[in-house]
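The structure appears below as structure tokens.
Throughout, numbering of the chain's residues begins at 1 and tracks the sequence. Just follow the structure's listing: the first ligand is 1, and inside any ligand the first atom is 1.
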Amino acid sequence: MTPPVVVDGERLLWRLDELARLTATPGEGVTREAWSRVDVEARDRVAGWMRDAGLHPIVDPAANLIGRSPGVVGRWFASGSHLDTVVHGGHLDGAYGVVAALEAASALHDAGHTMDHGLLVAAFANEEGARGTAGMTGSYACVGGVSDAALDEVDDEGVTVRDRIAGAGGDPGRIAEARWDPADIDAFVELHIEQGPVLADAEVGIGVVTGITGRQALDLRIAGAANHAGTTPMRLRRDALAAAAEIVLAVEAMPADGAVRVATCGFVDAVPNVRNVVPGLVHLGVEVRDESAAALDAAVARLDALLTEVAARRGVGIDRTWGQRVPPRDVAPAVADGVRRAAAVRGLAHLDLPSGAGHDAQVLADALPMGMIFVPSTSGVSHAPGEHTEPADLVSGAQVLVDTLLDLDARLGRAGLGVAS
Ligand code: GLV
Ligand code: MN
Ligand code: MN
């Protein structure tokens, strides 16, 4: 039998359009960096929609927006994603998962359907890592994983994470209170665009995520010697940018022999950045990703050796700061099975695949059974203004989300996932 709750596709798409307008770079993709004015505006807008859907929204001490269905004494399902974006990003990465979780709440509310489980809708703060910070701040707070050192981290503009959170309506001194009690929550299900080409190439509308990639960040400060570009003989140079270039290419080559799945140097800043000066200093932001924690460990050792060798040969100093490690995580099989059943009931083709991007869901996986649903990204474009998913796929994804929650609710009743899968 088809589940009785139907999402309102027009409302879902309209809400996405409304959020897309909240950007610091109109006409140049969506820029909604965490804790910024537009990010807080988006959060407030979603809080209003939560009230319309019968949820009770609060901004928690980590500046997450959390909307819960009222009057629940039993157990919960949680769903959501993030409202912040990268600079010049798209309108779907994050916002779609929040709006779809909200649409699940709205559809349940409109249908007058009460699950045995309460529904918690979350918009997590700073998933992307705004202004050079470690990301996933909000979801880490929900598992008690934000340390004082993390709050003291200073961003590219010299402001601490602590002050950013306070400025966005959070209360960093009480961040421990943002922690969810895992004993109360049976599953977290996050709907997201795939951000890669797999589903679009296969012409399949629903992705059943099997696991989420791990990520290791590395910040480098390469110190050479600034000098005159016309008079300094090549043999006497200590060119920090040339050293950085060698590192960029070596990092790019790492996946070719299977060391890691992907490797990127996405940030570079050269000083003094003047055509006729040999570059004296370079900051380089590196990251490697893989589904295996052991591969990330091996990559750390390999990068260490590479940097030591380049530094010695080129006579530059390389300070390395190993940044955030978000570990790879498998999804809970019982949640993935729920997604498969939900897609099948609606007659939607589905495909198992791992996530190449990081997600709040993998942080929550430390405490809760977690699963993810993907919809296709046209041409696999994301973290760029061209991010697009066909409206029909967006609506189908939201329907599969609510159907998955209904499926798990019907199977579990008031028992936990661990009890009845
Ligand atoms: C999150 O957007 C990531 O970088 O994977
Ligand atoms: Mn992203
Ligand atoms: Mn995202």
Side-chain angles (χ1 to χ4, degrees), residues 16 19-20 23 29-34 36 39 42-43 46 64-65 79-101 122-140 188-199 207 209 211-219 260-267 285-291 296 323-329 331 353-365 370-377 380-389 394 397 401:
L16 285 171
L19 290 178
T23 169
V30 177
T31 300
R32 206 162 47 228
E33 286 191 284
S36 64
D39 186 42
R43 200 186 62 196
V46 172
N64 294 316
L65 174 66
S79 183
S81 191
H82 57 99
L83 293 170
D84 64 309
T85 72
V86 295
V87 175
H88 299 300
H91 70 299
L92 296 171
D93 176 6
Y96 174 50
V98 175
V99 167
F124 298 107
N126 194 33
E127 192 266 359
E128 298 286 7
R131 308 170 199 86
T133 56
M136 316 263 190
T137 314
S139 43
Y140 268 118
F188 175 78
V189 188
E190 180 169 354
L191 175 61
H192 207 284
I193 57 166
E194 182 203 327
Q195 308 183 269
V198 177
L199 293 173
V209 177
I212 306 177
T213 196
R215 172 174 182 258
Q216 173 68 57
L218 167 64
D219 288 315
V260 283
R261 185 174 54 78
V262 286
T264 310
C265 295
F267 175 89
V286 185
E287 61 150 62
V288 291
R289 301 198 191 204
D290 202 273
E291 278 67 63
L296 294 179
Q324 189 178 40
R325 163 85 67 105
V326 184
R329 288 287 178 251
V331 312
L353 78 170
S355 171
H359 298 287
D360 293 304
Q362 83 198 97
V363 171
L364 298 173
M370 159 289 279
M372 287 195 75
I373 306 164
F374 277 172
V375 293
S377 291
V381 174
S382 186
H383 279 190
E387 195 174 81
H388 177 76
T389 296
L394 293 172
L401 173 64

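Looking only at N/O/S atoms, Glu128 comes nearest to the Mn ion (ligand 2) through OE2. Taking the N/O/S atoms of His192 in turn, the shortest distance to the Mn ion (ligand 3) belongs to NE2.
The ligand atoms of ligand 1 that sit less than 4.0 angstrom from a heavy atom of Glu128 are 1 (C), 2 (O). Residue Arg289 approaches ligand 1 through these ligand atoms, each under 4.0 Å from one of its heavy atoms: 3 (C), 4 (O), 5 (O). Here is the list of ligand 1 atoms found below 4.0 Å of a heavy atom in Gly358: 1 (C), 3 (C), 5 (O). Atom numbering of ligand 1 starts at 1 in the shown order; those under 4.0 Å from a heavy atom of Ala357 are 5 (O).
The shortest separation from a heavy atom of His359 to ligand 1 is not under 4.0 Å, leaving the residue out of contact. Residue Arg215 places no heavy atom under 4.0 Å from ligand 1.
Among the atoms of His359, no N, O or S atom is found under 2.8 Å from the Mn ion (ligand 3). Because the distance cut-off is set at 2.8 Å, His82 fails to qualify as a neighbour of the Mn ion (ligand 2), as none of its N, O or S atoms comes that close.
A donor-acceptor pair is defined here as one N or O able to donate and one able to accept, closer than 3.5 Å; such a pair exists between the side chain of Ser79 and the backbone of Val189.
Remark: Val331 engages Val209, Ala336, Met370 in a side-chain contact (heavy atoms from CB on, under 4.5 Å) (not counting sequence neighbours).
Using a 4.5 Å heavy-atom cutoff, the side chains of Arg325 and Leu296 are in contact.
Under 3.5 Å, the side chains of Ser377 and Glu194 contain no donor-acceptor pair of N or O atoms. Residues Glu190 and Ser81 bring a donor and an acceptor atom of their side chains to less than 3.5 Å of each other. Looking only at atom types and distance, the side chain of His82 has a donor-acceptor partner in the side chain of Asp93 under 3.5 Å away. Of the N and O atoms on the side chains of Glu291 and Thr213, at least one donor lies less than 3.5 Å from an acceptor on the other residue.
In this structure, His359 has its ring center closer than 6.0 angstrom to the ring center of Phe374.
At the Mn ion (ligand 2), the angle from NE2 in His383 to OD2 in Asp93 is 90° when rounded to 10°.
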